[in-house]
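Some notes on the structure that comes next.
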Amino acid sequence: MLGLPDTITACLFDLDGVLTGTAVLHREAWKRTFDEFLRERDGAGFTPFTDHDYAAYVDGRPRADGVREFLRSRGIELPEGESDDANDAATVNGVGNRKNELVLKIIDERGVNPYPGSVRYLRAVKDAGLRIAVVTSSANGAKVLDAANLTPFVEARIDGLVIARDHLKGKPAPDSFLAGAKALEVEPAHAAVFEDAQSGVQAGRAGGFGFVVGVNRAHQAHELRAHGADVVVDDLAELLEAR
């Protein structure tokens, strides 16, 4: 009744955009951060950060990777700096820290709302006895899960802090999902990946996972399939009605 192959025994969920609506908040924070950076650098005639830029260069990636990839697309290179750089530093980490402070402020102001269909699906997965992990590039995974009251569903969490601590490659590399499967003690072939980002779907396919679900929150169903999704849904609750 979960819309998954019978061989699947564990589910690895991305967080922002799959379980919670916080992907919209992240996209807003990235746009404000990059637009301010570009305006300061190029003046009033700067070319703004777009939804395409978010999907192609930032969505699903660890924070510093997103900064690096987007700026590279504009022909801009910055020094890496240090992880505790001030948010006005002209470094990769400085820009990333500016974005993180902004998204935390937005989350505090607006709160975190889980998708009702995702909560239904999590309950069904847990009732069916499948293992559950959250795999997110965000360093704020624990905060978001707690705010959305989803922590009780989650047996293992691989987030941006773990990725940095264990020197894992970020999505689209499969390392973080492989770490999630290892934490649940399941083989990738018996785990399903749930992702709304093109980079995350690509990571699920690259890791040899048994099933990859693309969650179409940003009108990119074709791109999710092209990057390796076995099935694409607009809401996880659709999977409960797939059979």
- Between R74 and L38, does a side-chain contact (heavy atoms from CB on, under 4.5 Å) hold up when you go through it step by step? CA-CA 10 Å; R74 297 291 182 93; L38 292 168; 3.5 Å; yes

Nearest heavy atoms of [X] and [Y], plus distance in Å:
| X | Y | answer |
| --- | --- | --- |
| V92 | A64 | CG1-O, 3.7 Å |
| A156 | L184 | CB-CD2, 4.0 Å |
| K126 | P152 | NZ-O, 3.4 Å |
| G204 | F177 | N-CD1, 4.3 Å |
| A148 | P114 | O-CG, 3.8 Å |
| G60 | S137 | O-OG, 2.6 Å |

Heavy atoms, side chains only, cut-off 4.5 Å: are [X] and [Y] in contact?
| X | Y | result |
| --- | --- | --- |
| R131 | T9 | no |
| V134 | F153 | no |
| T91 | E80 | no |
| V125 | C11 | yes |
| T7 | F211 | no |
| S118 | L150 | no |
| T136 | F13 | no |
| L240 | L2 | yes |

Could you tell me whether [X] and [Y] have a side-chain N and a carboxylate O separated by less than 4.0 Å?
| X | Y | answer |
| --- | --- | --- |
| R98 | D85 | no |
| D65 | R68 | yes |
| E69 | R72 | yes |
| D230 | R205 | yes |
| R32 | E28 | yes |

Using 0.5 Å steps for rounding, measure from the [atom1] atom of [X] to the [atom2] atom of [Y].
| X | Y | atom1 | atom2 | answer |
| --- | --- | --- | --- | --- |
| L168 | S176 | CG | OG | 7.0 Å |
| D175 | K182 | CG | NZ | 11.5 Å |
| L102 | W30 | CG | CH2 | 10.5 Å |
| S138 | D159 | OG | CG | 7.0 Å |
| T20 | L145 | OG1 | CG | 8.0 Å |
| L71 | F34 | CG | CZ | 5.0 Å |

- May I have the step-by-step check of side-chain contact (heavy atoms from CB on, under 4.5 Å) for T47 and D42, ending in yes or no? CA-CA 9 Å; T47 301; D42 301 334; over 6 Å; no

- Query: Distance under 6.0 Å and angle within 45° of the ring axis: does R61 meet both against F70?
  - Reply: no

More than 12 heavy atoms of other groups within 6.0 Å of [X] [atom1]:
| X | atom1 | value |
| --- | --- | --- |
| E82 | CD | no |
| E77 | CD | no |
| E187 | CD | no |

Using modelled atom types and a 3.5 Å cut-off, is there a donor and acceptor pairing between side-chain atoms of [X] and backbone atoms of [Y]?
| X | Y | result |
| --- | --- | --- |
| E155 | I132 | yes |
| D35 | P48 | no |
| E238 | D235 | yes |
| T22 | L25 | no |
| H227 | V201 | no |

- Item | Stepwise side-chain contact (heavy atoms from CB on, under 4.5 Å) check, D196 with Q220 | CA-CA 9 Å; D196 70 311; Q220 55 178 352; 5.5 Å; no

- Query: Pick from K171, R217, R157: which one makes a salt bridge (Lys or Arg N to Asp or Glu O under 4.0 Å) with D14?
  - Reply: K171

- Test ring-ring contact (aromatic ring centres under 6.0 Å, His included) on Y121 and F194 and set out the steps. CA-CA 12 Å; Y121 195 76; F194 298 76; 5.6 Å; yes

Please determine whether residues [X] and [Y] belong to a single hydrophobic cluster, defined as Ile, Leu, Val, Met, Phe, Trp and Tyr linked transitively by side-chain heavy-atom distances below 4.5 Å.
| X | Y | answer |
| --- | --- | --- |
| L224 | V18 | no |
| V193 | V233 | no |
| V154 | V186 | no |
| L130 | V215 | yes |
| L122 | L15 | yes |

- Message: Set out, in order, the CA-CA distance, both residues' side-chain angles and the distance that settles side-chain contact (heavy atoms from CB on, under 4.5 Å) for V58 and F49, then state yes or no.
- Response: CA-CA 11 Å; V58 175; F49 181 79; 4.1 Å; yes

- Just by distance, with hydrogens left out, do T151 and D146 show a side-chain donor and acceptor under 3.5 Å apart? yes

- Message: Determine whether N97 and N87 satisfy the following criterion, side chain to side chain donor-acceptor pair (under 3.5 Å), listing intermediate values before the conclusion.
- Response: CA-CA 5 Å; N97 289 341; N87 65 11; over 6 Å; no

